[in-house]
Protein chains: 2
Amino acid sequence: MAGSAIDNKNNFAAQVMGRLKNDILTGYFQPNEKLLMSRLKERYQVGVSPLREALSQLIVEQLVVVENQRGFKVHPVSELEMLDIYQTRAEIEALCIGLALEHGDDEWEAGIVAAAHKLHKYQDLVEQEPQEWELRHQAFHTAIASGCKSPTLLHVRRSLYEKASRYRNLWLKNTMSNRIAFDVNHQEHNQLVEVLMAGDMVQAKILIKEHLLGPSRALAEHWSAFSAE
Amino acid sequence: MAGSAIDNKNNFAAQVMGRLKNDILTGYFQPNEKLLMSRLKERYQVGVSPLREALSQLIVEQLVVVENQRGFKVHPVSELEMLDIYQTRAEIEALCIGLALEHGDDEWEAGIVAAAHKLHKYQDLVEQEPQEWELRHQAFHTAIASGCKSPTLLHVRRSLYEKASRYRNLWLKNTMSNRIAFDVNHQEHNQLVEVLMAGDMVQAKILIKEHLLGPSRALAEHWSAFSAE
DNA sequence: AAACACCAAAATGTCGACACTATCACAAAA
DNA sequence: TTTTGTGATAGTGTCGACATTTTGGTGTTT
C-alpha cells in the first residue's frame with residue numbers, strides 16, 4: 001500500500017515496517033491482537049531487532065500500542081475514534097481544497113480531469129477489480145488535494161487516510177458484498193470536478209465533507225455488526 | 001518537553017526517545033548533524049537496540065533521517081520547510097478555533113480565561129524565566145485549541161508545534177537577546193480572548209493566523225543569519 | 001597536480017544469548 | 001467453591017559480538 005514494491009535497498013526494519021503496516025491496515029492482524037515476537041519472526045523471517053524498530057515506528061503512527069514488559073498489540077478500534085478520524089479527515093481535505101483553489105494553476109486542473117477520466121473508465125469494473133478502482137479513486141482525490149502545494153499538509157492528509165483505510169477495510173472484510181453503497185458515488189465525483197473547475201470554493205468544501213462523512217455514517221451504522229465479535 | 005519527568009516505568013527506548021527529541025528540538029544536536037552511535041551510547045548510557053528504536057520513531061516524526069548503511073542524521077532545515085510548517089500550523093490552529101467556537105461550552109471559555117490570567121501574571125517576567133513563560137504561553141493556546149474536542153486534530157496540532165519549535169529554538173539560539181519582538185505580543189493575546197468570548201469566528205481565525213505567520217516572517221528575515229554558518 | 005586504486009579503521013545492521021518479568025496451570029488453604 | 005500460593009513455561013528488553021559496508025588516508029600512475 002505505502003511502498004508496495006519490495007525495497008531491497010532498504011534495511012530490514014523499513015521493509016518489515018511496510019509489510020506490517022499493510023497487514024494491519026488490511027486486517028490480517030485484527031484490532032487489539034497481540035503481536036507475538038515468535039509469530040512475527042516466523043512471518044517476516046527476520047530477527048527481533050528489525051521487528052522492534054518497525055513496531056516502534058507504527059506506535060508513532062498509532063497503528064500499534066505497547067505496554068512495558070507486555071509487548072506489542074495492534075491499536076484498538078472504537079466507534080468514537082473512527083468518527084473523529086473521519087471528521088478530521090473531512091476538515092483537512094476541505095482545507096486542502098480551499099488552498100488548492102487559491103494556488104491552483106492549469107497544471108493542477110489538468111491533473112484532476114486526467115485522474116477523473118481514468119476513474120470514470122473504471123466505473124463499471126469496480127466489482128471485478130476493486131483494488132485497481134481503489135488506486136484510481138485515491139489518485140483522483142490526491143490529484144485534487146495536491147494543489148495545496150503544502151508537503152506538510154499533504155503528509156498529515158496521508159497519515160489520516162491510512163488510519164481511516166483500516167476502518168474501511170475492516171468494514172469491507174466483515175460485511176461481504178455491496179461495497180458500492182459505501183463510496184462508489186460517481187455523481188459526487190462529477191459534481192466535485194464541476195464546482196472545482198468553476199472555482200466555487202464554498203460548494204467544493206461542502207461536497208468533499210459530505211463525500212467523507214457519508215461513509216463514516218455508514219460505518220457507524222454497521223458498527224455493531226463487526227464490533228460484536 | 002514532551003514527557004519531561006524521567007519515566008522509570010517506560011523502557012529505555014521510550015526514555016531515550018524523549019531525551020533525544022528534546023536534544024534535537026532545543027538544538028543540542030544541530031540540523032544535519034550525524035548521529036554517531038558511539039556518541040549516543042556515551043550520552044544516554046544505553047546500548048544500540050534502544051537507540052535504534054528511539055531513532056526509528058523520530059524518523060516518523062521527521063526529526064531524523066536515515067540512509068541505509070550510513071546511519072542517522074538530524075533532519076535538515078530549510079526556509080521552505082519552515083514556512084510550510086508555519087503556514088500549515090496557522091491553518092490547523094484556525095481550524096481548531098473554528099470547531100472550538102462551534103462546540104465550545106462554558107468549561108472551555110473558563111479554561112481560556114484561566115490560562116490567559118496565568119499568562120498575564122508572567123507578562124513582565126519573560127526575560128527572567130523564559131521557560132516558564134513558554135509553558136504558560138503554550139498552555140494558553142492549547143486551552144483554546146482543545147475546545148475542538150478532537151483528539152486526532154489535536155495530535156496533528158502537537159506534532160506541528162514540535163516541529164516548529166525546533167526552528168524557533170534555533171532562532172533563539174543564534175540571535176541572542178530580544179525574544180520580545182518574536183512572539184511576546186500581549187496585545188494579540190488580549191484581542192484573541194476578546195473576539196473568542198464574543199464568538200466572532202471570522203475575526204478569531206484572522207487573528208490566530210497572523211499570530212503565527214508573523215513569527216514565521218521574522219524567522220525568514222533572519223534566516224540568512226543562522227543559515228550561513 | 002589530479003585521478004585512481006588500495007588498505008586500515010570505524011560505523012552500521014543484524015542476530016543470538018541472557019536476565020528479568022509476566023502468564024498460566026495446579027495444588028493448598030480458607 | 002473461592003481464594004491464595006507456587007512453579008514451570010513462555011515472552012520481553014537489552015547487550016555484546018559478528019559480518020558487511022562506508023570512510024579516509026596513503027601511495028601510485030597518468
Side-chain angles (χ1 to χ4, degrees), chain A residues 2-3 5-21 23-24 28-76, chain B residues 2-3 5-21 23-24 28-76:
Chain A
I6 307 150
D7 313 295
N8 279 321
K9 62 175 168 34
N10 281 324
N11 57 14
F12 286 3
Q15 294 176 46
V16 168
M17 152 78 170
R19 297 226 281 148
L20 188 49
K21 183 196 275 193
D23 283 341
I24 291 173
Y28 176 85
F29 290 117
Q30 299 281 322
N32 244 305
E33 180 173 352
K34 191 162 192 337
L35 294 168
L36 267 296
M37 280 299 171
S38 49
R39 177 141 180 236
L40 299 178
K41 274 171 64 175
E42 176 75 21
R43 180 168 175 80
Y44 303 114
Q45 293 293 313
V46 293
V48 190
S49 318
L51 276 174
R52 290 187 63 91
E53 289 177 34
L55 288 163
S56 297
Q57 297 192 253
L58 294 177
I59 289 170
V60 179
E61 301 203 4
Q62 295 184 305
L63 296 175
V64 165
V65 293
V66 67
E67 206 171 344
N68 196 19
Q69 298 286 12
R70 250 174 268 187
F72 300 86
K73 281 191 328 181
V74 178
H75 196 289
Chain B
I6 306 149
D7 313 295
N8 280 321
K9 62 176 165 41
N10 281 324
N11 58 11
F12 285 5
Q15 293 176 47
V16 168
M17 153 78 170
R19 296 225 282 149
L20 187 49
K21 181 195 273 192
D23 283 341
I24 291 173
Y28 176 85
F29 290 116
Q30 299 280 320
N32 244 304
E33 182 173 348
K34 189 162 192 339
L35 295 167
L36 268 296
M37 279 300 173
S38 48
R39 177 142 180 238
L40 298 178
K41 274 172 64 174
E42 175 75 21
R43 181 168 174 79
Y44 303 114
Q45 294 293 314
V46 294
V48 189
S49 318
L51 276 174
R52 290 187 62 90
E53 289 177 34
L55 288 163
S56 296
Q57 298 191 249
L58 294 177
I59 289 170
V60 179
E61 301 204 4
Q62 294 184 307
L63 295 175
V64 164
V65 293
V66 67
E67 206 172 346
N68 195 20
Q69 299 286 15
R70 250 174 267 187
F72 301 86
K73 279 191 331 182
V74 179
H75 196 289

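The shown structure was predicted, so the numbers you read here are calculated from the model rather than taken from an experiment. By convention in this document, chain letters (A, B, ...) are assigned in the order of the sequence lines, proteins followed by strands, and residues within each chain are numbered from 1.
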Without decimals, in angstroms, what is the distance between [X] [atom1] and [N] [atom2]?
X      : N       : atom1 : atom2 : value
L40(B) : dG13(C) : CG    : P     : 12 Å
I59(B) : dT12(C) : CD1   : C1'   : 13 Å
K73(A) : dG11(D) : NZ    : C1'   : 16 Å

Within a strict 4.5 Å, meaning less than it, do heavy atoms of the V66(A) and L55(A) side chains meet?
no
Could you tell me whether the side chain of V16(A) reaches within less than 4.5 Å of the side chain of L40(A), counting heavy atoms only?
no
Taking side-chain hydrogen bond (donor to acceptor under 3.5 Å, both in side chains) as the definition, give me every residue that meets it alongside [X], ordered by chain and number, with sequence neighbours left out.
X      : result
E61(B) : K21(B)
Q62(B) : K163(B)
K73(B) : N32(B)

Hey, could you give me the CG/CD distance between L58(A) and Q57(B), rounded to the nearest 0.5 Å?
10.0 Å
Sequence-distant partners of V74(A), side-chain contact (heavy atoms from CB on, under 4.5 Å), two or more places apart:
I24(A), F29(A), E33(A), L35(A), R166(A)
Could you write nucleotides 13-18 of chain D as a row of B, S and -, 5' to 3', where a protein heavy atom under 4.0 Å of any base atom gives B, of only sugar-phosphate atoms gives S, and otherwise -?
SBB---
DNA chain D: stems of at least 3 consecutive Watson-Crick or G-U pairs whose donor-acceptor distances fall under 3.5 Å
C:1-30 with D:1-30
Under 3.5 Å donor-acceptor pairs involving side-chain atoms of residues 44-54 of chain B, not counting sequence neighbours:
{"residue": "Y44(B)", "atom": "OH", "partner": "D23(B)", "partner atom": "OD2", "Å": "2.5"}
{"residue": "Q45(B)", "atom": "NE2", "partner": "E42(B)", "partner atom": "O", "Å": "2.8"}
{"residue": "R52(B)", "atom": "NE", "partner": "E53(A)", "partner atom": "OE2", "Å": "2.6"}
{"residue": "R52(B)", "atom": "NH2", "partner": "E53(A)", "partner atom": "OE1", "Å": "3.3"}
{"residue": "E53(B)", "atom": "OE1", "partner": "R52(A)", "partner atom": "NH2", "Å": "3.3"}
{"residue": "E53(B)", "atom": "OE2", "partner": "R52(A)", "partner atom": "NE", "Å": "2.6"}

